[in-house]
2 protein chains.
Amino acid sequence: MSHTLGIRQAQKQKTRQAFLDAALGLLEEQSLSSLGLREVTRAVGVAPTAFYRHFRSTADLGVALVDEALGSLHPMVRTTVSIPGEERITQAVRLIADYVSAHPAHVRFIARERHGGVQPVREAIRAQLARFADEVRSELAKDPGAEGWNDDDLLMLAHLYVDQMLITASLFLETLESPEPSEAERERVTQVATRQLRLISLGRLHWLDTP
Amino acid sequence: MSHTLGIRQAQKQKTRQAFLDAALGLLEEQSLSSLGLREVTRAVGVAPTAFYRHFRSTADLGVALVDEALGSLHPMVRTTVSIPGEERITQAVRLIADYVSAHPAHVRFIARERHGGVQPVREAIRAQLARFADEVRSELAKDPGAEGWNDDDLLMLAHLYVDQMLITASLFLETLESPEPSEAERERVTQVATRQLRLISLGRLHWLDTP
DNA sequence: AATTCCAGAGAACAGTTGTTAACTGGATGA
DNA sequence: TCATCCAGTTAACAACTGTTCTCTGGAATT
């Protein structure tokens with residue numbers, strides 16, 4: 001059962017969330033490695049020293065942001081990959097489009113810090129993406145089209161899908177950042193992403209044609 | 001014809017190159033948006049104000065680094081893509097492996113700043129990658145396997161290849177950064193990348209099977 | 001009701017930052 | 001040879017950084 005938090009714990013979590021929100025906002029136009037501790041506390045409206053009550057460093061805050069950004073996405077990905085047939089591709093692209101629309105700053109943060117200058121954050125993202133890949137692999141294994149596939153090749157394919165989804169997310173993001181975000185642009189990205197996934201699925205279909 | 005530079009111009013270019021080299025070194029463990037001007041001049045061994053003789057800002061220096069990192073790669077990519085048959089994939093993976101080994105810091109810089117916090121640099125990288133995609137597209141168009149393909153689909157495929165190459169480069173880089181860089185790890189990345197490219201090529205082969 | 005706890009405030013620290021202005025001295029071109 | 005140019009220097013600026021130590025007032029515990 002869930003324990004009701006005391007006033008004190010509740011207020012602390014509220015402040016912590018304010019830190020995460022403020023940081024995410026500031027990170028829209030800079031990278032984590034240049035994010036200052038004082039900068040964040042100023043945005044939240046608290047004293048600089050209050051930061052240490054919640055995080056050891058801005059790198060620590062970054063790791064927390066990784067979990068916030070990707071943690072809740074796992075069940076959705078599993079569900080989407082488990083859809084059979086053509087519908088899977090359509091729904092996967094839609095899932096990404098919707099997620100980018102709903103949480104653009106989170107997506108930007110992940111894309112930016114995946115190869116960014118803060119090692120612990122890179123590692124946290126790497127671990128999350130590896131989890132996604134493994135989940136995709138295990139869902140694909142249940143698919144009838146996976147007969148005759150070994151686990152290595154399935155994981156190779158899963159990584160291809162995951163990376164492709166990240167690229168697509170980044171393209172949708174650019175769509176939002178564009179000076180005049182048009183529905184036509186979004187539609188174009190959707191079309192390209194769909195066809196790229198279709199092409200990969202075609203390759204998958206004929207993977208075992210010749211040994 | 002090439003004009004021989006005076007002592008003065010030559011010395012200036014030498015210092016400029018020292019700036020680029022020093023910056024690239026410092027950027028191994030941080031992002032461009034946190035790179036300080038004084039930090040760079042200190043590493044070069046020159047007064048802070050000397051920086052302004054060469055660059056307007058660190059963002060400006062970043063744009064110069066983009067050209068240094070990717071500019072010389074275009075002819076190699078064209079040549080590699082023009083190779084027919086299975087050999088093309090093998091040679092492409094080898095090209096990337098060699099380039100990462102020879103210029104790891106440049107590759108890291110591109111991967112990091114592609115989605116980094118400095119807009120002009122992102123734009124410069126985007127433009128270079130678009131050039132690669134267009135070059136790959138025009139080489140693929142010459143390929144016998146491209147009969148019946150329209151330009152839109154060819155460009156879609158070209159982007160898929162280019163993005164895939166960047167992902168592979170980043171994996172090779174992680175291989176070098178690993179605490180104990182083993183040849184076995186490199187070989188594994190080579191194998192995965194090769195099979196991913198093969199799968200994509202299989203999809204390409206059957207793209208026109210059903211309209 | 002008395003005591004402990006602890007999120008956040010306040011002040012101070014030594015170092016750092018980007019940018020300005022005025023300079024020097026060797027290469028350059030008349 | 002002499003005047004011009006200009007890459008790099010020196011000095012100074014206000015503003016900012018992360019981190020420390022001490023303090024406070026309300027919640028939590030007894």
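Quick caveat: nothing in here was measured; it's all calculated off a predicted structure. Proteins get letters first, then strands, A, B, ... in listed order; numbering begins at 1 in each. Heavy atoms only: backbone and side chains are in, while hydrogens, waters and symmetry mates are out.
Residues B:Glu174 and A:Arg126 are not paired through a salt bridge, judged by the lack of any N-O separation under 4.0 Å between the basic side chain and the carboxylate. Under a 4.0 Å N-O distance rule, the pair B:Arg16/B:Asp21 does not qualify as a salt bridge. Under a 4.0 Å N-O distance rule, the pair A:Glu183/A:Arg186 qualifies as a salt bridge.
Looking only at atom types and distance, the side chain of A:Gln9 has no donor-acceptor partner in the side chain of A:Gln13 under 3.5 Å away. Side-chain polar atoms of B:Ser201 and B:Tyr161 form a donor-acceptor pair below 3.5 angstrom. Under the 3.5 Å distance criterion, with hydrogens and angles disregarded, a donor-acceptor pair is assigned to the side chains of A:Gln191 and A:Glu187. Checking A:Ser34 against B:Ser34 by side-chain atom types alone, no donor-acceptor pair falls below 3.5 Å.
Spacing between atom NZ of A:Lys12 and atom P of C:dG8 amounts to 8 Å, rounded to whole angstrom units. A:Leu35 has its CG atom 16 Å from the P atom of D:dC16, to the nearest Å. Look at CZ on B:Arg38: it is 12 Å from C1' on D:dA15, rounded to the nearest Å. Between the CG atom of A:Leu37 and the C1' atom of C:dG8 there is a distance of 14 Å, rounded to whole Å. As rounded to whole Å, 15 Å separates atom C1' of C:dG26 from atom CD of B:Gln9. For the pair B:Gln11 CD and D:dC5 C1', the computed distance is 16 Å after rounding to whole Å.
A heavy atom lying under 4.0 Å from DNA chain D marks none of the residues of residues 16-30 of chain A. Only B:Val46, B:Ala47, B:Thr49, B:Ala50, B:Arg53, B:His54, listed by number, bring a heavy atom of residues 40-61 of chain B to less than 4.0 angstrom from any atom of DNA chain D.
Looking at heavy atoms from C-beta onward, B:Leu166 lies in side-chain contact with B:Arg114 at the 4.5 angstrom threshold. Side-chain contact check for B:Leu27 versus B:Leu65: some heavy-atom pair is nearer than 4.5 Å.
Under the 30°/60° scheme for interplanar angles, the aromatic rings of B:Phe55 and B:Phe19 are found to stand perpendicular.
Of all nucleotides listed (D:dG18, D:dA28, D:dA12), D:dA28 comes nearest to the side chain of A:Ile7.
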_Chi angles and distances behind the side chain to side chain contact (heavy atoms under 4.5 Å, CB included) call for A:Gln17, A:Lys14_ = CA-CA 5 Å; A:Gln17 189 60 47; A:Lys14 213 170 173 178; 5.8 Å; no
*So what does the secondary structure string of DNA chain C come out as, 5' to 3', with Watson-Crick or wobble pairs under 3.5 angstrom, [ ] for crossing and | for pairs with another strand?*
||||||||||||.||||.||||||||||||
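You won't find any donor-acceptor pair under 3.5 Å spanning the side chain of A:Arg8 and the base of D:dT29, going by distance alone.
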